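Inspection log for the structure reproduced underneath, given as structure tokens.
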Amino acid sequence: MKLNNRQQELLNHIRREGSGTIEALAAMFEVTPQTIRRDVLLMEEHQLLSRYHGGVRLPGGLENLAHSTRQTLLSAEKQAIAAQAAQHIPNRSTIFINMGTTAEAVASALRQHRGLRVITNSLHVAAVVCDFPQAEVIIAGGVVRPRDRGITGEAAIDLIQKFKVDFAVIGISSIDLDGTLRDYDHREIRVTQAVMAQSHQVLLVADRSKIGRPALVRLGHISEIDALFTDAPLPAAMNGLFAAGKPAVHIANFAATTPTTPPVSTRRAGKER
């Protein structure tokens, strides 16, 4: 389809940001909300965008976006999320980091840490961490997915179950408003479930575009997470999920994305799993 200049700019904006509200887009392009809705409806018919109540996002459901595309979406926000998550991980920790661009950002944010042992099923994460001083990297065996160099399969699960780690850093494709965690690949979900079961603390890193995004396969529930790191306040409809204080919710501070000296404590916080 041929898009006019406004429609192309709108599409480019959503590709960069992941999502946007109708009202904000109308203000940005100085048109009425009705005009934006017509633009979105046209692009939805050609599967370029997907509508949700009050907003628009990239289409999803059966397949995730390409890894190279996800690397460019909300990249500054992911770095801010990663910087804050890294501050919750002390030196000399044992960590599992799963696949995904936000999890990869956390791996990069751990560069100043010392004495880390990192287990991962992502070749991207392994490539980042193996250059760290005083860090040991263990890669799960299994089948490598060409599209994102993630590793899944029974061999990966068998290795993970041999370890008990201090922290799991996991990314996710979708968080439903009812707290259900979702992803696209049932094989990846089985690996992530094994990781969560073998971790003393589970840290979920997810930018705002993951909230309410459609994804096919259920991973678990937000109540199984110890801390959520994101970049924007959560919808009011989710408030009841955090009434008991779990998971703790951390909103990234964009003015403080430079890594600082990590905590020196090596004691594990939180309950044993």
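Just so you know, these numbers come straight off a predicted model, no measurement behind them.
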What distance separates [X] [atom1] from [Y] [atom2], expressed to the nearest 0.5 Å?
X	Y	atom1	atom2	result
R182	I189	CZ	CD1	8.5 Å
L241	H221	CG	NE2	5.5 Å
L177	I211	CG	CD1	8.0 Å
Q112	N91	CD	CG	10.0 Å
R92	Q134	CZ	CD	8.5 Å

Taking the side chain as every heavy atom from C-beta outward, state whether [X] and [Y] have any atom pair closer than 4.5 Å.
X	Y	value
L110	V128	no
R51	I22	no
M99	V191	no

Does the [X] side chain pair with the main chain of [Y], one donor and one acceptor, at a distance under 3.5 Å?
X	Y	answer
D176	D178	no
T120	I97	yes
R208	E77	no
H113	A135	no
S50	R57	no
Q198	F163	yes
D226	V202	yes
N121	I151	yes
N98	G171	yes
Q193	L219	yes

Crowded around [X] [atom1]? As in, over 12 foreign heavy atoms under 6.0 Å?
X	atom1	value
N5	CG	no
R117	CZ	no
Q34	CD	yes

Closest non-hydrogen atom pair, L228 against A206: CD1-CB, 4.4 Å

Tell me the closest heavy-atom pair linking M43 and L3, and the distance in Å. CG-CD2, 3.9 Å

Side-chain donor-acceptor pair under 3.5 Å between H124 and S122, yes or no? no

Taking only residues two or more places apart in sequence, or in another chain, which ones meet E45 in a side chain to side chain contact (heavy atoms under 4.5 Å, CB included)? L41, L42

Ring centres under 6.0 angstrom apart (H88, F167): no

